[in-house]
Amino acid sequence: MSPRLPLLLLTLATVLASLRSSRSTCDFPQDNAGGTARNIRGLFVFGSSLVDNGNNNDLVTLAKANYTPYGIDFPWVSRGGGEVGGDEEVVNGVDYASGGSGILDDTGLVAGRVTSLNQQIWNFETVTLPELENRVGCKSAELLANYVFVVGTGGNDYTLNYFLLGSNHNVSLQLFTANLTASLSRQLERLYGLGGRKFVLMSVYPIGCTPMAMARKGSGSGSGCAEYLNRAAQMFNTGIRSATDELNGKLPGAGFVVVNTYKIVRDIIARPHSMGFNNTDSPCCEVKPVSEGGDGALCVRGGKTCEDRGVYVYFDGSHPTEAVNVHMATKAFVSGRPAEVYPFNVSRLSQL
Ligand SMILES: *[C@@H]1O[C@H](CO)[C@@H](O)[C@H](O)[C@H]1NC(C)=O
Ligand SMILES: *[C@@H]1O[C@H](CO)[C@@H](O)[C@H](O)[C@H]1NC(C)=O
Ligand SMILES: *[C@@H]1O[C@H](CO)[C@@H](O)[C@H](O)[C@H]1NC(C)=O
Ligand SMILES: *[C@@H]1O[C@H](CO)[C@@H](O)[C@H](O)[C@H]1NC(C)=O
């Protein structure tokens with residue numbers, strides 16, 4: 001549970017840091033998250049590898065990225081780590097995300113140990129919350145309105161659970177998806193019950209268009225996206241959009257927004273050049289293909305990377321580059337289009 005945050009979140013945190021107010025009576029340290037004070041003090045982040053900052057490093061799992069070339073453009077890594085600890089950092093937020101994990105407790109177990117979303121929320125509740133209340137001197141009900149809760153999960157419930165080869169699932173995709181979104185709603189309500197008020201949900205990406213999914217589909221790269229995965233993602237995304245409406249309607253004082261990363265990434269893939277990209281289908285780093293006994297997903301240890309990382313959509317076989325993350329974070333914060341961030345943007349959410 002290191003408080004270091006991956007890029008998408010750093011970008012969000014930077015913009016949010018400029019928007020804080022001191023409405024509450026909680027005694028926040030002067031300098032937390034830096035910047036001029038408005039009402040956002042930090043981020044709590046839950047989810048999968050898309051938002052994991054290294055929490056799997058000590059777990060027995062294949063889902064790790066604690067080796068080069070991962071982190072090649074991450075300023076704190078290139079400066080040599082900069083491990084930070086202690087209660088001062090807790091006030092800036094904590095990232096609980098775990099690569100390979102999903103909404104369901106059994107998702108990702110195929111890769112080894114992961115920290116499920118339920119366990120992540122439990123860690124927040126039992127470890128961070130008491131420490132934070134103690135540090136800031138007020139109760140969670142007052143405290144947590146000053147934080148944004150980012151939840152980015154769901155894709156692995158399909159790729160590392162439902163669609164797993166040999167997995168003996170008896171339920172239809174519809175029923176499975178309804179179960180997933182209902183579980184996620186309950187988990188979000190639990191965070192609301194603890195005092196969370198501002199929530200940013202990430203939709204599931206076009207998981208059928210990753211280099212790994214396209215390679216697994218067969219006939220080599222350039223064979224197009226695996227549409228069965230994209231259909232599942234879209235079904236899930238429709239579900240969380242309805243869940244968002246429902247939660248916004250029934251939970252007083254709360255704001256839930258969904259960032260439509262599905263659309264944002266597909267828009268890049270459809271018209272890459274207009275957004276500064278020129279490679280949409282191959283990993284920037286060296287990946288060992290499934291056809292050669294590799295996983296097709298993660299960078300090879302110490303492997304080479306493409307020269308111009310800023311023009312690639314995917315860094316490895318299944319995760320987008322920093323350039324794509326910056327693009328998504330910016331859309332999340334400023335976009336006025338409900339098709340991109342629904343029902344309103346994170347800038348507005350932060351001012352609730
Ligand atoms: C799937 O269905 C079969 C036959 O109806 C049943 O025996 C089995 O327990 C079911 N498996 C699960 C995981 O529900
Ligand atoms: C729904 O998910 C729960 C676990 O969260 C599981 O026990 C149950 O079997 C699932 N039902 C369906 C229809 O998938
Ligand atoms: C992509 O961009 C790189 C660097 O800007 C350039 O060298 C390369 O020729 C471009 N490739 C295509 C297909 O446009
Ligand atoms: C966010 O959305 C609002 C409308 O809800 C819009 O007025 C505003 O320009 C958008 N961008 C920012 C940075 O607030």
Side-chain angles (χ1 to χ4, degrees), residues 5-24 28 32-47 50-51 92-93 95 144-152 184-185 188 191-192 196-206 234 237-268 270-271 274-277 310 320-352:
L5 301 171
L7 235 132
L8 167 68
L9 307 167
L10 274 179
T11 312
L12 269 179
T14 309
V15 235
L16 288 168
S18 61
L19 288 170
R20 283 188 272 110
S21 80
S22 39
R23 260 186 301 175
S24 87
F28 289 104
N32 91 288
T36 37
R38 285 284 294 277
N39 60 327
I40 301 298
R41 295 288 169 172
L43 302 176
F44 292 113
V45 182
F46 304 84
L50 292 165
V51 286
N92 297 332
D95 186 330
L144 293 181
N146 299 283
Y147 289 83
V148 171
F149 288 71
V150 178
V151 182
L184 183 59
S185 284
L188 293 169
L191 288 171
Y192 175 86
R197 291 295 177 269
K198 298 176 174 69
F199 295 89
V200 178
L201 313 183
M202 297 294 167
S203 76
V204 170
Y205 287 34
Q234 284 176 290
N237 295 341
T238 303
I240 55 168
R241 198 171 149 128
S242 318
T244 295
D245 285 335
E246 204 184 305
L247 294 168
N248 278 329
K250 82 173 183 190
L251 302 178
F256 290 83
V257 307
V258 189
V259 183
N260 193 350
T261 57
Y262 186 94
K263 175 181 163 50
I264 296 168
V265 172
R266 277 225 106 155
D267 284 352
I268 295 174
R271 291 177 299 111
S274 67
M275 284 169 259
F277 294 91
T321 51
E322 171 180 333
V324 169
N325 277 303
V326 168
H327 186 78
M328 289 191 296
T330 305
K331 291 275 188 192
F333 197 76
V334 306
S335 177
R337 297 158 85 183
E340 292 178 330
V341 52
Y342 176 86
F344 47 80
N345 58 37
V346 179
S347 167
R348 194 171 142 200
L349 176 76
S350 71
Q351 288 156 23
L352 290 184

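Counting starts at 1 for both ligands and their atoms, in listed order.
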So CG of Asn325 and CG of Leu50: to nearest 0.5 Å the spacing works out to 8.0 Å
Please round to the nearest 0.5 Å and tell me the distance separating atom CG of Asn248 and atom CZ of Phe344. 6.0 Å
Quick check: closest heavy atoms across Ala323 and Phe277, and the distance to 0.1 Å? CB-CE2, 3.6 Å
Taking the side chain as every heavy atom from C-beta outward, state whether Tyr147 and Lys198 have any pair of such atoms under 4.5 Å apart. no
Salt bridge between Asp267 and Lys263, side-chain N to carboxylate O under 4.0 Å? yes
Close N/O pairs between ligand 4 and protein, under 3.5 Å:
from	atom 1	to	atom 2	distance (Å)
ligand 4	2 (O)	Asn345	OD1	3.4
ligand 4	2 (O)	Asn345	ND2	2.2
ligand 4	11 (N)	Val334	O	3.0
ligand 4	11 (N)	Asn345	ND2	3.1
ligand 4	14 (O)	Ser347	OG	3.0

Is the ring pair Phe256/Phe199 parallel, tilted or perpendicular, if the boundaries are 30 and 60 degrees? parallel
